[in-house]
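Every number for a ligand or one of its atoms is a count from 1 in the order of the listing.
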Amino acid sequence: MRRPMVAGNWKMHGTRASVAELIEGLANLALPGGVDVAVFPPSLHVSLVVDCLEGQLISVGAQNCAHQAGQGALTGEVSSTQLADAGCKFVLVGHSERRQVMGESNEVLNRKFEAAQAAGLIPILCIGETLEEREAGKTLEVVGQQLGSIIEELGVGAFVNAVIAYEPVWAIGTGLTASPEQAQEVHAAIRAQLRQENSEVAQGVRLLYGGSVKAANAVELFGMPDIDGGLIGGASLNADEFGAIIRAAGN
Ligand code: PEP
């Protein structure tokens with residue numbers, strides 16, 4: 001039985017004051033016991049969030065990490081080792097904004113995934129197709145290549161200690177959501193691809209859906225057999241809305 005997870009990606013939002021306010025709202029939520037919850041603040045605020053959430057059942061993750069673990073001469077980067085030291089448990093790898101805007105390739109993301117695990121972090125690998133790719137009927141091919149890149153390089157065993165988030169690029173921050181059936185089709189394909197390599201790994205790995213998830217559509221999405229929770233962007237900036245999404249995952 002996979003334990004549901006809801007992750008809140010705050011992206012490049014938040015000042016010290018607004019982050020403190022959001023955390024206060026999160027701390028006041030009555031959260032269901034059966035759901036893993038994590039928030040992903042900008043790296044600048046990770047320590048503040050870790051400190052403020054002490055004693056709460058909410059983990060902290062980072063939105064990105066350097067392609068090498070440890071410390072070194074890499075101006076402007078933050079390593080998985082430093083993030084783990086700061087109290088992070090998870091790190092997003094390959095969010096579409098990093099693939100598309102920062103030009104991160106599968107090769108670079110393989111290194112980040114590996115560096116994250118080397119430092120003891122749990123990577124959440126984000127994969128998904130653009131609208132153009134969906135309209136060209138290439139969704140499963142694109143997602144299969146993004147996933148396959150990690151499997152080929154690091155082996156399917158790397159997913160024993162990882163999470164996968166399917167996030168169609170056209171649904172991120174647009175208000176457009178994949179229908180539960182569209183999302184389930186891709187999640188089932190992801191699990192089938194893993195199953196070809198190792199059925200135990202496929203059965204155990206959590207697959208989150210991301211892309212304009214709100215309280216209003218979460219129940220239906222999370223009700224699908226291969227959707228184990230969500231990666232939430234905009235709606236995670238509102239504690240009450242995020243709380244309602246978490247409760248939907250606990251149903
Ligand atoms: C995201 O940034 O991962 C995301 C899913 O954003 P949103 O929920 O705002 O679409």
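- Pairs of residues two or more places apart, or lying in two chains, that qualify as salt bridge (charged side-chain N to carboxylate O under 4.0 Å, His left out) and include a residue from residues 220-246 are Arg2-Asp228, Arg191-Asp226, Arg191-Asp228.
- At most 12 non-hydrogen atoms from other residues, nucleotides or ligands lie less than 6.0 angstrom from CD of Glu24.
- With salt bridges taken as basic N to acidic carboxylate O contacts below 4.0 Å, one links Arg111 and Glu153.
- Expressed to the nearest 0.5 Å, how far CG of Asn106 lies from CZ of Arg99 amounts to 5.0 Å.
- Among pairs with a residue in residues 192-211, those fulfilling salt bridge (charged side-chain N to carboxylate O under 4.0 Å, His left out) read Asp36-Arg206, at least two apart in sequence or across chains.
- Under the salt bridge (charged side-chain N to carboxylate O under 4.0 Å, His left out) criterion, Arg98 pairs with Glu104, not counting sequence neighbours.
- Protein residues having at least one heavy atom under 4.0 Å from any atom of ligand 1 are Asn9, Lys11, His95, Glu167, Ala171, Ile172, Gly173, Gly210, Gly211, Ser212, Leu231, Ile232, Gly233, Gly234, listed by chain and number.
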